[in-house]
Structures are given as structure tokens and as C-alpha cells.
Amino acid sequence: MGANVGEMIVSSGATLAVSAGSASPTFALRVLAGGTATLNSNCDLKTLNISGTVNVGTTQAVSVNATATYVSGSGSLTLNAAYTNRMQLDSMSLAGGASALSIGTTSILSVAKLFSWLSGSVLGGGKMNLLATCRSSVTGSAALPFTGELQNYGLLQYAPTGTTGLQLATTASIFRNQGVVNITGPAATYFSSFSAANSNFFNNAGTLLVNVPATVTFGLKAILNNTGSLIVNSGDFKPYSITMRGGVMTVNANAKVYVSPHAQAASPALQLALSGGYIQGTGIVYGTVNQTGGVVRPGYANPGGAIGTLTIDTLSQTAQALTEIAFSSASVSSKLLLSVGFNMGGTLSMVSLCPYFPTTSDSYAAVITYPSAKTGSYVVSGDHVAYNAVYNSFSLDVAATSVSIPAYACGACDHGSCCSTSVCTCQTGWTGTSCNLPLCGDGILIEPEGCDDGNLMPGDGCSETCAVESGYICSGAGPTSCAPNCGDRLVTGAETCDDGNS
């Protein structure tokens, strides 16, 4: 075959072989139903239309570039598993009930601009990359089986209408998102996995948007790992389970997340495991959130801002958990509503939103509400606590069914009284935050002072810390309370001699 030709058409029953060692040809290739083409040489294809069979790299590893690739009808495109074959496509369309793309376990297929998957399967166990510049759409009503590793770096619009959707068809299959996946199904939308006995993973390190009018269901053992941004804007989002090791899950006002048993995965062990990142929003989470780290913070929804109410069935927290409550003015704060159960633990952090900063008179009622079956306790931190911590008197109001943030209550004053400015007004002779320290230099002797001559000058028998100095005897208080100790062999004060006797 010459290096540059026009369009090659392989008819039914015909065979085309591009051999190893051929000059890298540039041509358009159309393989009709019943025809076969085998590419064992590097090729630059203008277009690749497949209704028949195309095999890539059966005798050696090859690299094939194509501007546009169409697999339709019962056509098949196979990257042989025996070699590390690579295909780089500008665009690709997979549309045919029996059409099949097979990527061998060591091979990689990359799409740079457009990818459309209407029907058919992607099998073989290899890797398919949808690059950052790629705009993809996954639609149609039939099951879309996939084996291998599907990586999305671009924008993928996901809107299949069947009850299976993208199906990870082997236990080793995985879907990784580092771009944007926008779930916009017109009705019920599905992801599914291989079987009830095996787990498959949907790993989101990019952005996963849920914008559906109905339900998004992850089928049996289809587990969502999130370290990116998961934003549920509408509809009912029903993953088999969610593991949060980082990133943010935002449940907005019109959305519900189900991590309790549902029709596709009736297991009582379903949960949302939060070990890092944030769960936030103003929607509803049904089921149990097991929080061993990370942050639960109501509010921060879009629209709505940082103040709002987040509802969770059950929240179970360990000592590493953090709950964050934001407040924007006196008595106005975000709120967490727990409708089934609460195991309180970790730290409750209170954060003021600029330009507001709390004062001692501000209070926030029922920032967390829960059934009476609450256990555990909180360590408190944040702006409201920091403002009052200097007085060492702040504590949460933990009642039978709610946690409230009270106004500042003045702490005990040992020798004084609490005034409206949240400090202790000390009685005469006392000082310190709690009026628990004698005031040295005021001429009043209070234990553990050894003396108090009414000044803080050393060398007069009473030191600046109200301790008796060597060579002096002190009795009582006031300017004349200390005098040289005659007979101690020390010449001090007004003494002119001291021979050790009197």
C-alpha cells in the first residue's frame, strides 16, 4: 500500500491487511458489514467508518491516529490484547445495538474532542481516556457494558434512559473522573455494576453534578469514592454507598441523598463514610453518616449561602470528627437537624461570617437538634469560644434534644463580682482574671504575700513581689512594716553596723 491514498472500502467478504513494515499510510477507511481490516502498521486515518470488523495490532504494537471514527450496526473495533496498542482519535461515535469496542488489557484508546456513546459495548479490560478537551455524551436506553478503566478528564454529559446505564461489567472495572460529569437524565438514571457479590468503584476526583428531575441510582455494589466535588442539585441521588476521603459533597435544597437501603441495593449496611472533606448543604441525607474525620457543616448551599439547615437521619461521630456551625448575626446561625439518631463526638466549631463577630450577649438556640437518644459529648472551638475563652467560662447548652450556644455567662470571681463587660470587678487587695491573686504593692497584706509595704521598690525590706528581703523583719503592712533585723550580721537599711548580737 502506498503512503497516501484516498478512501479504502472493504466490502462484505473482503479483507484488507496493512502489514508491519509498511510506510505509515494516510487514508480514509470504510469497512462494510461482513468486511475485515487488520492494521499491523502505524496509520494516520482521515476517517474510520466501521460496520464490519477492524483489528489493530495483531502481530506487533502499533499506533493509529484517526480524525473521526464511527462504529455502528454490528461493527467492531478491537485493539489486540497481546500488544500495547494505542489509538488517538479526534472524535468517536459508538451507536449500534451490536457494535463493540474492545480495548486489550495493555492497550489505550484516547479521544481528544468528541465522544458519543448511544449503544453497544466497550470491553476488553484496557484503558479508555476521554481527554481534557473532549466533550462526551452517554445516552440511550440500552445497557452500556464496560470493562477496563474509563477515565474522564473532560466534560461528560450522562443521560441514559434505561434501567442499567453504564455497567461496569467485571470486578476489576473502574470509572475515574477527573473532569466534569453532569448527570442530566430526563427520567430515572442508572449506574450499575457487575453483580451483588462484587464491588465496582466510581472514583470522583473532579466534579460530579446531579441535575435530574427524578432519580439517579447506583446499582448493586457500585460504590462511589469521592475526593472531588459532588454537587447534588436536584432529584433523588441513590448511591450504593459513598466513601468521602476528601473533597466536598453539597446537597442543595431541592435534593435528597439516600445512603439507606433502596430498591437497587437492599442492604442494611449501606452508609456514607466520612473520613475527610466536607458534607454540606441544605438538602436531606437519608441513612447513616459515619464520621471518623472531615467536617459536617450545614449551609454553604447554592443558592442560599453559608446559612441554612442540613437534615441527616443519623450522624455517628468519633473524636476526630468536626461539626461546623456558621453564624452571620446575633442569634442567626446555620442548623443541623438529625431526625433519627445522634452519637455526638469530636469538636463543634463556631465560625462567624465576616463582617460579623460575636459579642458576649449573642446566643444561638438549637443549632443542632436530635431525638432524645443522643450519646457522647463535644469539645468546643471557634470564634464565639475564642472571644470568651479568656474568661474560662464558656460551655455549650446540651439539652435532651438540642445543642444551643448560650450567651456568655461570667465565671466565678473568687474575690469580686461579674460585671456586664464579662470581667470580674475585684475587691480591694485582689487582682487577676478571676480575682484570685493578691495585689502586691497596695499596702494590704494577703497570703501568700510575705509583706506589703505599699510599693513595688526592692531594697527596703519588701521586694517587688512582696517577699521579705534578707536582713529585714516585716510585720503587718504599710510603709513602716519592714525594718532591718539587728544582730543578723547583715548591715541593711539605716544600720551602721551589725556584729551579730544585740
Side-chain angles (χ1 to χ4, degrees), residues 137-139 155-161 163 165-166 177 180-191 202 204 206-219 222 224 226 228-242 244 247-265 270-272 274 277-289 291 294-315 323-326 328 332-340 353 366-370:
S137 63
V138 178
T139 57
L155 172 62
L156 190 155
Q157 300 285 351
Y158 187 84
T161 58
T163 58
L166 176 63
N177 177 51
V180 178
V181 175
N182 187 15
I183 303 176
T184 59
T189 303
Y190 290 84
F191 290 88
F202 291 79
N204 178 51
T207 300
L208 178 57
L209 300 170
V210 180
N211 295 294
V212 294
T215 303
V216 177
T217 299
F218 279 58
L224 174 60
N226 185 65
S229 179
L230 168 59
I231 303 174
V232 186
N233 287 318
S234 61
D236 296 342
F237 186 58
K238 296 183 176 182
Y240 179 81
S241 68
I242 302 177
M244 292 277 299
V248 180
M249 183 179 83
T250 303
V251 186
N252 285 319
N254 297 319
K256 303 178 182 69
V257 174
Y258 291 77
V259 288
S260 57
H262 55 80
Q264 289 296 110
L270 297 180
Q271 62 180 6
L272 194 161
L274 175 63
Y278 294 82
I279 295 176
Q280 62 186 29
T282 55
I284 301 173
V285 178
Y286 291 109
T288 297
V289 175
Q291 187 184 5
V295 183
V296 171
R297 59 178 185 183
Y300 296 91
N302 184 20
I307 302 300
T309 299
L310 175 65
T311 301
I312 299 175
D313 270 0
T314 300
L315 178 61
T323 305
E324 183 179 296
I325 300 296
S328 60
V332 177
S333 73
S334 57
K335 295 180 182 294
L336 178 61
L337 173 60
L338 305 170
S339 56
V340 177
L353 302 175
V367 296
I368 305 176
T369 57
Y370 43 82

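We number each residue from 1, following the sequence as shown. These numbers were taken from a predicted model, which means no experiment stands behind them.
- Annotation: side chain to side chain donor-acceptor pair (under 3.5 Å) contacts of N211 (sequence neighbours excluded): N182, N233.
- In plain terms, the two heavy atoms of D313 and Y286 that are nearest each other are OD2-CA, 3.6 Å.
- Considering only residues two or more places apart in sequence or on other chains, N226 meets the side chain to side chain donor-acceptor pair (under 3.5 Å) condition with N204.
- Rounded to the nearest 0.5 Å, atoms CG (L310) and OG1 (T282) are 8.0 Å apart.
- The side-chain contact (heavy atoms from CB on, under 4.5 Å) check on A326 picks up Y300, I307, S334, L353, with sequence neighbours excluded.
- Using a 4.5 Å heavy-atom threshold, the side chains of L272 and M249 count as touching.
- Not counting sequence neighbours, the partners of L155 by the side-chain contact (heavy atoms from CB on, under 4.5 Å) test are R135, Q157, V180.
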Test side-chain contact (heavy atoms from CB on, under 4.5 Å) on V210 and V257 and set out the steps. CA-CA 11 Å; V210 180; V257 174; over 6 Å; no

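- Here S333 pairs with nothing under the side chain to side chain donor-acceptor pair (under 3.5 Å) rule; sequence neighbours left out.
- Applying the side chain to side chain donor-acceptor pair (under 3.5 Å) criterion to Q280, with sequence neighbours excluded, gives T250, R297.
- Side chains of Q291 and L315 form a contact here, defined as non-hydrogen atoms less than 4.5 Å apart.
- Nearest heavy-atom pair across P298 and E324 is CD-O, 3.4 Å.
- Counting only heavy atoms from C-beta outward, the side chains of I242 and F237 approach each other to under 4.5 Å.
- Here the shortest heavy-atom pairing between S234 and A255 reads N-CB, 3.8 Å.
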